[in-house]
Amino acid sequence: MIRLPWFEYRAPRSVAEVTRILAGEGPGAMLVAGGTDLLPNMKRRHQSPATLIALRGVDELKAVANGAGLRLGAGLTLSEVVELPELGIAYAGLRQAAAQVATPHLRNMGTLGGNVCLDTRCTYYNQSYEWRKAIDFCLKKDGETCWVATASKRCVAVSSTDTAPALIALDAKVRLASVAGVRDVPIAELYRNDGIDYLSRKAEEVLTEVLLPEAKGWRSTYWKLRRRGSFDFPVLGVAAAAKLAADGTVEAARIALGAVASRPFLVPKVGEALAGRKLTEEAIEEAAATVASRAKPMDNADMDLYWRKEVVSSFTAYALRELRGDDMRAVRLRTARQIL
Ligand SMILES: Cc1cc2nc3c(=O)[nH]c(=O)nc-3n(C[C@H](O)[C@H](O)[C@H](O)COP(=O)(O)OP(=O)(O)OC[C@H]3O[C@@H](n4cnc5c(N)ncnc54)[C@H](O)[C@@H]3O)c2cc1C
Ligand code: SF4
C-alpha cells in the first residue's frame with residue numbers, strides 16, 4: 001500500500017476563509033476538491049503540500065446561476081454537471097466532456113474546478129516514486145532531464161483535462177478569488193504551454209466559478225480519443241461550437257483542442273475561415289486540415305503519436321458534421337469502442 005505523506009488538513013466553510021488560509025499558508029498549501037487526481041499524485045510524491053485546504057465543505061462553490069449566460073460553481077461534481085438541465089444544446093459540449101471523464105465513481109467525487117486545474121501528464125511522470133527514481137526522475141519533479149525531449153529545457157507534459165477544451169470552445173471565463181479580490185479570466189488564458197507551470201492562476205487564488213456566456217442559437221460538441229471508452233484520460237479532445245443561421249450558414253464558430261500540447265487551445269483561424277460559409281463537406285475537410293496542422297502531440301501519452309495526429313482531422317470532421325445536424329451516434333459508439 002502506498003501511503004500519503006503527512007500534511008496539515010484545513011476544512012474552511014466559505015470562500016473568504018479559503019482565501020485567508022491560502023494567503024497565510026503561502027505556496028506550501030494546496031487546494032483539494034474531490035481529490036481524485038491530487039491524492040494519488042501525493043501518494044506518488046508528485047506533490048507534497050504541507051497543508052491541504054479542502055473545498056468540499058464550501059457550499060458557495062456548488063452554486064448554479066442562470067441569467068445572462070450560466071455560472072457554474074467550481075465545486076460541482078462532474079456527475080452534477082452532467083445532470084444540469086441548463087446545459088441544453090448550446091452547452092452540450094461541456095456535458096459530453098464531463099460525461100467522458102474517467103469513471104462514474106470518479107465523476108461522483110471529481111469536481112469541475114479540479115478538472116479545469118488538473119495537473120499535466122506524461123508517461124515518464126505518472127509513475128510511482130520508485131519507478132521515477134529508477135530513471136533519475138525528470139525535469140517536472142526532482143530531476144534535470146526531460147526524457148521526452150532530452151535537449152529541451154521545457155517540460156512538455158500533456159494537458160489532459162476533458163472539460164477545458166469544451167469550455168474554451170464555449171468562450172468561458174473562470175473567476176479567481178483571493179484576499180486581494182476577484183478577477184475573471186478567459187479560460188484559454190488560464191493555461192500556459194508549460195508542463196510544469198501550466199496555470200496562470202496565482203498560488204493564493206481559488207477558482208470559484210466557471211462563467212459561460214449567453215449562447216442562444218449556438219450548439220456545441222466534444223469528441224474524445226482514448227484507449228478504453230469507459231475509463232481513460234484523453235489522448236485527444238476536439239471541442240467545437242457554432243452558431244448557425246436558419247439556412248445553415250455559419251455565423252460564428254470555435255474549435256479547441258485538448259491533449260495535444262501542455263495546454264488546451266483555440267484554433268482561431270478555423271472559426272474565421274468557416275464564418276459566412278455552410279458546413280459543406282468541402283468546408284469541413286478544409287477546417288479539419290487546418291485544425292490538424294495545429295496539433296503537435298508528443299510521444300509521452302498513450303498510442304502512436306503520428307496516428308493521434310491523423311485522428312485530429314477525422315474527429316474535427318465528425319464534430320462539425322454533428323453541429324451541422326448529422327446523426328453521429330453510430331460513429332460515436334464506434335470510436336468509443338474500437339480503440340484496442
Ligand atoms: C483512473 C483515473 C482516470 C481519470 N480519467 C480522467 C479523464 O478521462 N479525464 C480527465 O479530465 N480527468 C481524469 N482523471 C482525473 C480526475 O479524476 C478529474 O480530472 C477530476 O475532475 C479532478 O477533480 P478533483 O475535484 O478530484 O480534483 P483534485 O484532485 O481535488 O484537484 C486537482 C487539482 O486541481 C486543484 N484544484 C481543485 N479545485 C480547485 C479550485 N477550485 N481552485 C483552484 N485549484 C483547484 C488542486 O489543487 C489540484 O492541483 C482521472 C483520474 C483517475 C484516477
Ligand atoms: S515531458 Fe519531460 S520533463 Fe515533463 S514530465 Fe515528461 S519527461 Fe518529465
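Hydrogens, waters and symmetry mates are skipped; everything else that's a heavy atom, side chains included, is used.
- Interatomic distance, L176 CG to E205 CD, rounded to the nearest 0.5 Å: 4.5 Å.
- Between K278 atom NZ and D247 atom CG the span is 4.5 Å, to the nearest 0.5 Å.
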Could you walk me through whether Q96 and T221 pass the side-chain hydrogen bond (donor to acceptor under 3.5 Å, both in side chains) test, one step at a time?
CA-CA 7 Å; Q96 291 165 344; T221 183; 3.1 Å; yes
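- Taking the charged nitrogens against the carboxylate oxygens, R10 and E25 do have a contact shorter than 4.0 Å, which makes a salt bridge.
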Between R324 and E281, is the side-chain contact (heavy atoms from CB on, under 4.5 Å) condition met? List the steps.
CA-CA 10 Å; R324 179 173 70 182; E281 279 305 302; 3.0 Å; yes
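- To the nearest 0.5 Å, the span separating OG on S313 from OH on Y318 amounts to 9.0 Å.
- Counting non-hydrogen atoms of neighbouring residues, nucleotides and ligands closer than 6.0 angstrom, the CZ atom of R13 reaches no more than 12 such neighbours.
- For the residue pair W223/E322, the side-chain donor-acceptor check at 3.5 Å is satisfied.
- In this structure a side-chain-to-backbone donor-acceptor pair under 3.5 Å is present from R219 to L323.
- Between the side chains of E80 and N108, no donor-acceptor pair of N or O atoms lies under 3.5 Å.
- Remark: R228 qualifies as a cation-pi partner of F231 under the 6.0 Å distance and 45° angle criteria applied to the six-membered ring.
- Between the side chain of K309 and the backbone N or O of A295, at least one donor-acceptor pair lies under 3.5 Å.
- No side-chain donor from either of E60 and S14 sits under 3.5 Å from a side-chain acceptor of the other.
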Start with the C-alpha gap between E209 and K62, add the side-chain angles, then the distance that decides, and say whether salt bridge (charged side-chain N to carboxylate O under 4.0 Å, His left out) holds.
CA-CA 9 Å; E209 278 180 302; K62 290 266 187 188; over 6 Å; no
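- The only member of E251, E286, E272 that meets salt bridge (charged side-chain N to carboxylate O under 4.0 Å, His left out) when paired with R277 is E286.
- Side-chain atoms of S178 and E204 form no donor-acceptor pair, as typed in the model, at a separation below 3.5 Å.
- Counting heavy atoms from C-beta outward, M298 and V158 have side chains that stay 4.5 Å or more apart.
- Contact of the R20 side chain with the L22 side chain is not registered, since no non-hydrogen atoms from C-beta on lie closer than 4.5 Å.
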Given the rule in the side-chain contact (heavy atoms from CB on, under 4.5 Å) test, do L94 and L212 qualify, once you have shown the distances and angles that lead to the verdict?
CA-CA 10 Å; L94 173 60; L212 291 157; 4.1 Å; yes
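- There is no side-chain donor-acceptor pair under 3.5 Å between S128 and K43.
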Step-by-step salt bridge (charged side-chain N to carboxylate O under 4.0 Å, His left out) determination, R227 to D302:
CA-CA 8 Å; R227 185 172 292 272; D302 195 12; 2.7 Å; yes
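- Counting only distance, with no hydrogens or angles, the side chain of Y222 and the backbone of P165 share no donor-acceptor pair below 3.5 Å.
- With 3.5 Å as the limit, one finds a donor-acceptor pair spanning the side chains of D119 and Y125.
- Scanning both residues, T111 and G34, for their nearest heavy atoms gives CG2-N, 4.0 Å.
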Could you please spell out the steps behind the salt bridge (charged side-chain N to carboxylate O under 4.0 Å, His left out) verdict for R154 and D194?
CA-CA 7 Å; R154 189 172 71 81; D194 181 326; 5.8 Å; no
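- Within the 3.5 Å criterion, the main-chain N or O of V312 finds a donor-acceptor partner in the side chain of T316.
- Judged by distance alone, the side chains of R192 and S159 never bring a donor and an acceptor atom under 3.5 Å apart.
- With no hydrogens or angles considered, a side-chain donor-acceptor pair links N115 and T161 at under 3.5 Å.
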Verify side-chain contact (heavy atoms from CB on, under 4.5 Å) between M109 and T77, making sure each step is shown before the conclusion.
CA-CA 6 Å; M109 288 298 291; T77 65; over 6 Å; no
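- No donor-acceptor distance shorter than 3.5 angstrom exists from the side chain of S262 to the backbone of N193, with no hydrogens or angles considered.
- Judged by the 6.0 Å distance and 45° axis criteria, R254 is positioned over the aromatic ring of W218.
- E214 CD to D171 CG: the interatomic distance, rounded to the nearest 0.5 Å, is 12.0 Å.
- Cation-pi geometry between R121 and F233 is met: under 6.0 angstrom from the ring centre, within 45 degrees of the axis.
- Proximity of a side-chain donor or acceptor of S220 to a complementary backbone N or O of A90 within less than 3.5 Å is detected.
- Counting only N and O atoms by type, the side chains of N300 and Y124 include no donor and acceptor under 3.5 Å apart.
- Remark: side-chain polar atoms of D326 are not paired, donor with acceptor, to backbone N or O of M328 under 3.5 angstrom.
- What you find for V58 and V15 is that their closest heavy atoms are CG1-N, 3.7 Å.
- Within a 6.0 Å sphere centred on CZ of R56, other residues, nucleotides and ligands contribute 12 heavy atoms or fewer.
- Of the possible polar contacts, one joining the Q127 side chain to the T123 backbone as a donor-acceptor pair under 3.5 Å is found.
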Between V210 and I187, does a side-chain contact (heavy atoms from CB on, under 4.5 Å) hold up when you go through it step by step?
CA-CA 9 Å; V210 169; I187 190 163; 5.6 Å; no
